[in-house]
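To keep things clear, I will list the structure first and then write my remarks on it.
First the proteins, then the strands, lettered A, B, ... as listed; each starts at 1.
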Amino acid sequence: MVSMEFILITGRTIEQGKFKEHAKTTEKYKGNVAICEMHADDMYRLGVKDGDNVKVTTELGSVVVKVRKSKRIRTPGMVFIPFGPWVNSILPSETEGSGMPHLKGFKVKIEPTSEPVPDIKDLLLKTYGVKK
Amino acid sequence: MQVLSGVLCPFCGCCCDDIEVVIKDNTIIDVRNACALGASKFMGYSVHRNTKPLIRKNGELVETTLDEAIRRCAEILAEASYPLLYGWSNTSCEATKVGLELAEEVGGVIDNTTTVCHGPAILAIQDVGIPSCTLGQIRHRADLVIYWGCNPWCAHPRHLERYTSLSEGRFQRAAWKRYLSRLILESARKRRYRAAGRVIKGGAAALPAEEEKRWMLPPPEERKLVVVDVQRTRTADLADIFIRVEPGGDYDVLQALRALIRDEELDVDSVAGVPVEKLEELADIMVNCRFGILFFGLGLTMSVGKSRNVEAAIKLTRDLNMYTKFLIMPMRGHFNVTGANIVSTWQTGYPYAVDFSHGYPRYNPGETSAIDILSRGDADAALVVASDPVSSFPRRAVEHLVKIPFAVIDPCLTPTALMADVVIPSAFVGIEAEGTAYRMDHVPLPLKKVVEPPEGILSDEEILRRILREVRRIKGKSQARKN
C-alpha cells in the first residue's frame, strides 16, 4: 500500500464553523470536519479519488478521514484538515513551555484505507476508551 | 410576530451588533444581517439542545435533578486538590467573574480558550506591547489592510464587510465594485484556461502559477487588501496582493520585511518561498500607506515560532510607525474570548492560565496553562464551562481529562459532555440570557436575551453562583468538623 509524507495544516472552514457550536454530534459536522483536503497531483500519486478514505498517521496514532480534492492548496505535499476531534486525536500535546501545542505545519503519513470514517461516538470510544 | 433589532451576534470576535431577529411564540423564525455562522447558531441553537441535567452512574449518563447535579459538581471541585476550570470564551463576562471567585475558593487553575488560540499573541504583547485601535477607526481610515495567517472569509465572515475593505468608511470607500469586477474577470480567465486545457496538454495546469504572479494594484488613493497565508484561501481570492509563505516561514518573512523597510538589502533571492522583489514591493506599499492595519490569526500563533512570530509582527508594526501610522490586532475567535481575558486581568492581574493553588494568583503559561496541566497529569478534577476541550485539545491532554472526574456546563451535548461525570444544561448566552461581551478590539457590548430559555434552564452565571454557594457550604462543613 502506498504511504506518503505530507505537511499537515489545520484550520477553520465556514462549513466546520456552522456546526461547531451546537451540532457536533451530527452527520453534517462529521461530513465537513472528518475530511482531508489534498492537491489533485497528490491524490493521483496516492491512488485515491475524491471521497475515498485515507488513514492519517502521526507518532501518536492514526485517524481515518475522507479525501477531498482541494481547490485551495496549490502546492503538492501539503494537506488541510479542519479543526475538530478527528484531527486533534492524532496531534501532539507538547507546548515547549508556551502553553500552546503545535497545531499547524507538521509531518504526517497518509495511506489509502478501506476502514470506515468513525462517527464522533466511535472516535471517542476508540481513542479514549469507556468513561467509568 | 416580533422583530428585535440591534441584537449582538454571539458567535465570533466580530460581535456584529446589527442583527435582526424575528420571533414568534418564543421561537426564532428568522434572522437578518447575520453571516452563515451567526445565522446557523440563531436558527439551529434549539435543534440539538440538551435540557436535562445528567450524572454518570455505573458508566452511563443518566437523568438527574438540577440540585443533585450542582451538588455533585460542587463535591468534585471541593474534594479536589488541583482542579482545572476551563472554557469561559463562549459565555458572558458576568459568568467569568463568578468563575474566578470559584477558582479562588477551590484553589484551582482557571484558564480560558486563549490558551489554544491567541495565548502566544498575549505573551508577545506582554513582551513588546501593542499599537492598536478600535475597529471603527479602521473602517473609516485604513487604506492598507493586511490579513496575515488568518482567513476571515471562513472564521469572521463579516469582518471585511463591517470593518475593513468592503465597508464604506468616512474617509475610505468600499472596494465592492473593484472586487466584483475582478471576480468576473478571473472567472472568465479561468474559463479560457479550462478551454485551452482541453485542447493543449498542460494548459489548465499552468493556471495557478500564472494567477499568483499577477498583482492587480488599485490606484494609490484607494484602499488595498493584502493576504499572507500558506494556502490560497477564499479571503486571498479577494485580495489585491496575495503572498504565499511556506509553512513555518512567517517569522523569516516578517523579519525580512523589517529589514527591507529600513532600506537594508537581502542577500537571497527568496525568503520562505516568497521572491525578494515581491517583499520589496510590499514593503514599499506598507511604508507609503497613510493608515495601515495588520490583522493576524492562528497561522502565526499555532505555527513554529508561536509567540516569536507575533513578536516579529508587532515589531514590524512598531518599525513602520517611524514612517507612517500602522497598527496591529489579533483576530479573536470566540465572541467573548477578549472578555474572558479582560475580566481575568482586572480580577487577578493575568489574562489566562491563572493558578490559585498557592492562595494567590500565579501566572506562568507553559506551567499553569490547561494543556500542560492535563498533559503532565496534574489536575485531579475539572469544570468545563461553555467549551469543548475533548474536540479542541490534542490527544494526551484529553486522555488525562477523561480519566479525572469532571463537570460540564453547556447548552449542548458536546463530545466533552458525553465524556463528563456531571452535565448541567445552561441557557445560550446572547440568545436566552443577557450579559456583556468584549469585541476583538476591546469594546464592551451588551448581549441580549431574545427568547426565554426552556423551563428550568438557568444561565451560566446563575449555575456558577449556585455551585459556589454549595462549595462554600461543603468547605464550611469540613472546616467545622476539623474545629
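When heavy atoms are compared at a cutoff of 4.5 Å, B:L61 does not approach chain A at all. Neither the backbone nor the side chain of B:P389 comes within contact range of chain A, judged by heavy atoms closer than 4.5 Å. The parts of A:L103 that come within reach of chain B are both its backbone and its side chain, each placing non-hydrogen atoms under 4.5 angstrom from that chain. For B:R396, the parts lying near chain A are the backbone and the side chain together; criterion is any non-hydrogen pair under 4.5 Å. Only the side chain of B:N90 comes within less than 4.5 Å of a heavy atom in chain A; its backbone stays farther off. With a threshold of 4.5 angstrom between heavy atoms, B:F11 approaches chain A through its backbone and through its side chain. In this structure, the portions of B:C154 lying under 4.5 Å from any heavy atom of chain A include both its backbone and its side chain. Both the backbone and the side chain of B:T301 come within contact range of chain A, with heavy atoms under 4.5 Å apart. Heavy-atom distances place the side chain of B:P157, and not its backbone, under 4.5 Å from chain A. For B:C35, no part lies near chain A; criterion is any non-hydrogen pair under 4.5 Å. For B:S369, the part lying near chain A is the side chain, with the backbone staying farther off; criterion is any non-hydrogen pair under 4.5 Å. In this structure, no portion of A:F106 lies under 4.5 Å from any heavy atom of chain B. Looking at B:L123, only its side chain comes within 4.5 Å of chain A, counting heavy atoms on both sides. Residue contact with chain A, scored on non-hydrogen atoms closer than 4.5 Å, involves the backbone and the side chain of B:A155 alike. B:I404 touches chain A through its backbone: at least one of N, CA, C or O sits under 4.5 Å from a heavy atom, while the side chain does not. Only the backbone of B:T233 comes within contact range of chain A, with at least one heavy atom under 4.5 Å from a heavy atom of that chain.
In terms of heavy-atom pairs under 4.5 angstrom with chain A, the leader among B:L401, B:N50, B:N151, B:V304 is B:V304. Per-residue counts of heavy-atom pairs under 4.5 Å with chain A were compared for B:E399, B:E246, B:M419; the largest is that of B:M419. For the set A:L91, A:T26, A:T95, the count of heavy-atom pairs under 4.5 angstrom toward chain B peaks at A:T95. Note on A:N88, A:I120, A:L123, A:T10: by heavy-atom pairs under 4.5 Å with chain B, the leading option is A:N88. Contact count versus chain A (heavy atoms, under 4.5 Å) is highest, among B:G119, B:G44, B:S307, B:A420, for B:G44. Interface summary for chain B: among A:S70, A:P101, A:G105, A:G129, the most heavy-atom pairs under 4.5 angstrom belong to A:P101. Most heavy-atom pairs under 4.5 Å with chain B, from the set A:L60, A:T25, A:V33: that is A:L60. Put simply, of B:P120, B:G333, B:G248, the one with the most heavy-atom pairs under 4.5 Å next to chain A is B:P120. Interface summary for chain B: among A:K24, A:Q16, A:E15, the most heavy-atom pairs under 4.5 angstrom belong to A:K24. Of all the listed residues (B:P394, B:G366, B:P415, B:A397), the one sharing the greatest number of non-hydrogen pairs under 4.5 Å with chain A is B:P394. Listed options B:T414, B:V230, B:V390 were ranked by heavy-atom pairs under 4.5 angstrom with chain A; first place goes to B:V230.
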Intermediate values then yes/no, side chain to side chain contact (heavy atoms under 4.5 Å, CB included), A:K18 and B:K41
CA-CA 7 Å; A:K18 271 156 69 175; B:K41 185 165 180 178; over 6 Å; no
After noting the C-alpha distance and the side-chain angles of A:T75 and B:R244, does the key distance pass the side chain to side chain contact (heavy atoms under 4.5 Å, CB included) rule?
CA-CA 10 Å; A:T75 45; B:R244 191 175 56 225; 3.6 Å; yes
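Annotation: the span from A:W86 atom CH2 to B:S391 atom OG amounts to 8.0 Å, rounded to 0.5 Å. Atom OG of B:S40 is separated from atom CZ of A:F19 by 7.0 Å, given to the nearest 0.5 angstrom. A:Y128 OH to B:H400 NE2: the interatomic distance, rounded to the nearest 0.5 Å, is 14.0 Å. Atom CZ of residue B:R376 and atom OG of residue A:S93 lie 12.5 Å apart, to the nearest 0.5 angstrom. Note: B:L418 CG to A:K121 NZ = 6.0 Å, rounded to the nearest 0.5 Å.
Under the 4.5 Å side-chain criterion, counting only non-hydrogen atoms from C-beta, B:R232 is not in contact with A:K71. Considering only heavy atoms from C-beta on, B:M302 stays 4.5 Å or farther from A:I9 through its side chain. Side-chain contact check for B:I371 versus A:M100: every heavy-atom pair is 4.5 Å or farther apart. Proximity of A:K104 to B:L298: side-chain heavy atoms (C-beta onward) are separated by under 4.5 Å at one or more points. A:M78 has its side chain within reach of B:Q231: a pair of non-hydrogen atoms, C-beta onward, lies under 4.5 Å apart.
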N/O donor-acceptor pairs under 3.5 Å from side chains in residues 38-46 of chain A, not counting sequence neighbours:
{"unit_1": "A:H39", "atom_1": "ND1", "unit_2": "A:D41", "atom_2": "N", "d": "3.0"}
{"unit_1": "A:D42", "atom_1": "OD1", "unit_2": "A:R45", "atom_2": "NH2", "d": "3.1"}
{"unit_1": "A:D42", "atom_1": "OD2", "unit_2": "A:G77", "atom_2": "N", "d": "2.7"}

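Annotation for B:R395: atom CZ counts as buried by contact number, over 12 foreign heavy atoms lying within 6.0 Å. Atom NZ of A:K66 has more than 12 heavy atoms from other residues, nucleotides or ligands within 6.0 Å. Applying the 6.0 Å contact sphere to CD of B:E60 captures no more than 12 heavy atoms from other residues, nucleotides or ligands.
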